[in-house]
Amino acid sequence: MSEALRTDLKPKLHGPIPAYFGADKDGCLLIGGQRVDVLVHEAGDTPLFVYDLSIAAARIAALRAAMPPELAIHFAIKANSHPDLLAAMQPLVDGFDVASGGELTKAIVAGMPANEISFAGPGKRDRELTEAIRAGATLNLESAAEGRRALKIAEQFGLTPKLAVRVNPTFDLKGSGMRMGGGAKPFGVDDSEVPALVRELITAGADWRGFHIFAGSQALDAAAIAETQAATVALAANLSDAIGAAPPLVNLGGGLGVTYFPGDMPVDIDHVGSELANVLASRPDSLASSRFAMELGRYLVADCGVYLCRIVDRKVSHGEVFLVTDGGLHHQLAASGNFGTVIRRNYPIAIANRFAAEATEVQHVVGCLCTPLDRLGDQVLLPRGEVGDLVAVFMAGAYGASASPAAFLGHPAALEMLVAGRGQARAGN
Ligand SMILES: *Cc1c(COP(=O)(O)O)cnc(C)c1O
């Protein structure tokens, strides 16, 4: 059977493969020093997410080195709440930020002390407020009404609630992939309403923990991030003056983006860090005693994760090659272009067991779901893929398994495995 392949098909670029990934002498991709086929064998099946903890640890260390030493680093666990990963991240960061009662439980099980857990997110139910107050976690209030519910629940239990106020700032983070501040928003309390609410909380006897100000996500422009952080500190100072009390903690939000797509350049964290150091050094007296934190999800864990799936079929349609895998958007929605992006572009992708081979053929890599949305690689130039080969999609450590519609079409959930750098691996989910 001959394949009449189109020769005029221009490859579309894929995002940059993180530089720490390489191949062994047979050209097989290594993760944490181990061959991917061995990892798949150990896990027992594909599709499989592998998280190399040493990459996340190095990432956090580099971030700490760039940031002012007094800045606390929190992990927003909605990016990846796999229990083994959380347990491994716990000693590496200064706190976990959670966004549901389920995540709160996961954070506690992972060993994070409750006073280093903060719980944001709109629509917290009474039972979630109760769990947080009883555990001693900080609630980042999303509205005045939520604050009043929290006070009432705390009173019922005779407890002092730890309450911070999430502020909806009038600015947003420029160039951010997902805007979460500025204008009418379901998140936080409009900044003009904040002083009255905080005074009410303090009068009611709450342990007021400070401000949470999150202006956006997935920004790569260091100057824009620095500008937003400066505006955030200024806003916190103005609010403190209006309240007449200093916030114990100012959570500056996050926003540091990662390089998913062709042409993306890493954030210049040295620039962000030195600007922030200046801002903190010259901060108004009203914030003199305050501590500061950043909360990051994808920046800490996206690049430590690789999604591995297997080619089940290779077919040609109208001269174009389709590598059909056992994976797809039910595990890795973001790579299919259906999670927070307007135009679909290719995530970094490779034929994992031919990682060192020359790319010779323009191919489509698709998932096994019966929908045209299920595309992992569109018109990508790769080594010729064969049935049985493993496909690797990189930058899969954040918003992969935890942010994909796993139940859609009834395929099994992906396996997840943590490798601790060179040597040991643990399977399970
Ligand atoms: C989602 C979220 C984060 C993490 O965002 P990343 O882009 O993954 O860093 C941080 N803070 C809040 C409030 C969030 O909702």
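Both ligands and their constituent atoms are indexed starting at 1 by order of listing. Only a predicted model underlies this, so the values are computations on that prediction, with no experimental measurement involved.
- Counting only residues at least two apart or in different chains, side-chain hydrogen bond (donor to acceptor under 3.5 Å, both in side chains) contacts with residues 274-290 comprise D241-S286.
- The shortest N/O to N/O separation between Y299 and ligand 1 does not fall below 3.5 Å.
- Below 3.5 Å of separation, one finds no N or O of H212 facing any N or O of ligand 1.
- Set against the non-hydrogen atoms of Y399, the atoms of ligand 1 under 4.0 Å away are 1 (C), 4 (C), 5 (O), 6 (P), 8 (O).
- Partners of F261 under the ring-ring contact (aromatic ring centres under 6.0 Å, His included) rule, at least two apart in sequence or in another chain, are Y347.
- Of the candidates L415, L308, N353, V40 forms a side chain to side chain contact (heavy atoms under 4.5 Å, CB included) with just one, namely L308.
- Ligand 1 has an N or O atom lying under 3.5 Å from an N or O atom of G297, backbone or side chain.
- At a 4.0 Å cut-off, not a single heavy atom of F187 sits close enough to ligand 1 to count as contact.
- Geometrically, R59 engages Y299 in a cation-pi contact defined by less than 6.0 Å to the ring centre and at most 45° from the axis.
- A distance below 6.0 Å separates the ring centres of H364 and F322.
- Note on ring orientation: taking the six-membered ring where Trp is involved, the planes of F214 and H212 are tilted (angle from 30° to 60°).
- Close approach to S217 involves these atoms of ligand 1, each under 4.0 Å from a residue heavy atom: 5 (O), 6 (P), 7 (O).
- Looking at ligand 1, you'll find an N or O of R298 within less than 3.5 Å of one of its N or O atoms.
- Under 4.0 angstrom from ligand 1, the non-hydrogen atoms of A76 all belong to its side chain.
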